[in-house]
> 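My questions will all concern the structure given below.
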Number of protein chains: 2
Amino acid sequence: MPRRYDPDRRQRIIDAAIRVVGQKGLAGLSHRTVAAEADVPLGSTTYHFTTLDDLMVAALRQANEGFAQLVAARGALTDPHTDLAAELAALMGEWLAGDRTGVELEYELYLAALRRPPLRPVAAEWAKDLADLLAPRTDPTTARALVALMDGICLQVLLTDVPYDEGYAREALGRLIPPASP
Amino acid sequence: MPRRYDPDRRQRIIDAAIRVVGQKGLAGLSHRTVAAEADVPLGSTTYHFTTLDDLMVAALRQANEGFAQLVAARGALTDPHTDLAAELAALMGEWLAGDRTGVELEYELYLAALRRPPLRPVAAEWAKDLADLLAPRTDPTTARALVALMDGICLQVLLTDVPYDEGYAREALGRLIPPASP
DNA sequence: ATCCCATGTGTACGAGCGTACATATCGGAG
DNA sequence: CTCCGATATGTACGCTCGTACACATGGGAT
C-alpha cells in the first residue's frame, strides 16, 4: 500500500467530483464514484467529506469561482463606457458556447439547492455576487432583474433545443436597463 | 389477496408520485416509494411505468396542467385592456403564496429535464404554451423574454430566502414590454 | 528523539434500488 | 358461454449505496 502523504488530496477529490457531475449528472455522484474518479480509496472521500452535501458545497463553490473568473476576464463589464446589455449577452454566449459541461454542472448544482438546504447559501451567493457586480452600472433592483433574466434565458437554452440567440438576449437585457439620465 | 379491478390505478399512481416528489424530493422517487404511497404492490408501478422517466413524464405533464388551470382561471391575462405586467406579477404571487410544494415540484421536475432527455419535450412544452398564450398580447419575442424573466424570478425566490416582491416583478416585467404604438 | 493525532486504507454490514418473472385474476370481445 | 390478453401480485437476484470501524502511517509539535 504505497501512496501516503498526499497533501492536495482534498482538492483532487473536489476536482473529481466536478468531473463526475459533469459526465454523469448529479444523480451519478456518490462517495464511490468520486473515489474511483480521483483514484483514491473509498474511505478517503468519506474522511474528507462526511456528507455528500459537503462535497457538493465544495464543488459548487469551486464552480462559482470558475464563473467569476470568466466574468473577471471580461473587464468591459465594469467599464461604464461599454454597452452593458451587449456585454452580458456576449458573456452568456461565451459561457454557453462549446461543450456545455460547465454550464450544466453549474446549473445542476445550483438547482440542487432547491432541496438541499446546505447548498442554498452558496447558490444565493452566486446570484448576489453577480448582482453586486452589475449594480454600479445601473442600480441594485435592475441588477437583480438582469441576473434573473440571464438565469431564465440560460435555462431556456439548456432545457429546450433552441440555440442561443445573442441578439435576442441583448435586446431583452437592454429593455431592462432604464435609460440613462444625462 | 383482495383488491382486484382497479380502473384508475394508473392515475392514482401518478398522484402518488406527485405527492412523493412534493414531500421527499425527486431523489426520493422510486418505484417502491410510489407503490407505498399509492398503496399498491411494487409490481403494479413497474407494470404501468416501466421506467421512472415514464412516471416523471406523466407527473410533469399533470403538474403542467395544474399550472395551466391556474392561468386559465386568470382570464384577465388575455384581456387586452388589462396591465399585462401586473397580471403576470399577480399570477406569480398567487403561485408562490401558501405552501410552495406545487411550485417546488414543478421546478424540480422541470429542471430534471436538464439530465433526462425524455423530460425535455414536456419541459419545453410548458415554456412554449405560456409564451404562446402571451404572444397575442405583445409579440412572440417579448413573450419568450417574459417567460424567461418569470422563470428567473421564481428561481431567485425559491433558491434564496428573499420573499416574493410583486411590485419588483411587475416593474421588471413591465420594462420588457415595448410601449404600445397607438 | 519521541510521540500524538491528523490523515490514509481496507473491509464489512444492512438497506434500498431497478429489474425480471412466474403466477393469478377477470372484463369484455367473440 | 368461452377464452384471451390486459391487468394485478409476490418474490427473488444482483447491484450500489451510505456508513461505520479497526488498523496503519508518518509529519510535525515538543
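Below, read A as the first sequence line, B as the second, and so on, with proteins coming before strands; counting in each chain starts at 1. Computed from a predicted structure; not experimentally measured.
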> Look at the side chain of A/Arg9 against the base of C/dG8 and say whether a donor-acceptor pair falls under 3.5 Å; ignore hydrogens and angles.
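In this structure, the two groups form no donor-acceptor pair.
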> What is the distance, to the nearest angstrom, from the CZ atom on A/Arg10 to the P atom on C/dA6?
15 Å
> Of all the nucleotides listed (D/dC17, D/dT11, D/dA8), which has the minimum atom distance to the side chain of B/His48?
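Nearest to the side chain of B/His48 among the choices is D/dA8.
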> Measure OH/A/Tyr5 against P/C/dT7 and give the value in whole Å, please.
11 Å
> Whole Å only: how far is the CG atom of B/Asp53 from the C1' atom of C/dT19?
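So the CG-C1' distance, B/Asp53 to C/dT19, works out to 15 Å.
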> Grab the CZ-P distance between A/Phe49 and C/dG8 for me, whole Å please.
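Rounded to the whole Å, the gap is 11 Å.
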> Atom CZ of A/Arg12 to atom P of C/dT7: distance rounded to whole Å?
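In whole Å, C/dT7 P and A/Arg12 CZ are 15 Å from each other.
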> Nearest whole Å is fine: how far is D/dT7 C1' from B/Gln11 CD?
17 Å
> Using the ring of each side chain (for Trp, its six-membered ring), is B/Phe67 parallel, tilted or perpendicular to B/Trp126, with breaks at 30° and 60°?
tilted
> Using heavy atoms to find the nearest nucleotide of DNA chain C for A/Gly43 and B/Ser30 separately, return the residue whose nucleotide is more 5′.
A/Gly43
> Within the structure provided, determine whether B/Ser44 and B/Ile13 are in side-chain contact (heavy-atom separation under 4.5 Å).
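The answer is yes; the side chains approach within 4.5 Å.
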> In terms of side-chain heavy atoms of A/Arg32, which of D/dT11, C/dA12, C/dG18 is nearest?
C/dA12
> Want to settle it: does A/Leu42 or B/Thr46 sit nearer the 5' end of DNA chain D, counting the closest nucleotide to each?
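The 5'-side residue here is B/Thr46.
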> As a test of reading the structure: which of C/dG8, D/dT19, C/dT19 is closest to the side chain of B/His31, going by heavy atoms?
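Nearest to the side chain of B/His31 among the choices is C/dT19.
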> Are side-chain heavy atoms of B/His31 and B/Leu52 found at a separation under 4.5 Å?
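Of all side-chain heavy-atom pairs linking B/Leu52 with B/His31, at least one is under 4.5 Å.
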> From CG of B/Leu29 over to P of C/dG18, roughly how many Å is that when rounded to an integer?
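Atom-to-atom, B/Leu29 to C/dG18, this comes out as 8 Å.
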> When you measure from the side chain of A/Tyr47, which nucleotide among C/dT7, D/dT9, D/dT7 comes out closest?
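Minimum distance to the A/Tyr47 side chain belongs to C/dT7.
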> What's the shortest heavy-atom distance between A/Arg61 and A/Glu125, and which atoms?
NH1-OE1, 3.5 Å
> Rounded off to whole Å, could you give me the CE-to-C1' distance for the A/Met56 and D/dG18 pair?
12 Å
> Once salt bridge (Lys or Arg N to Asp or Glu O under 4.0 Å) is applied, what residue pairs with a partner in residues 63-79 of chain B remain, sequence neighbours excluded?
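For residues 63-79 of chain B: B/Arg74-B/Glu87, B/Arg74-B/Glu94.
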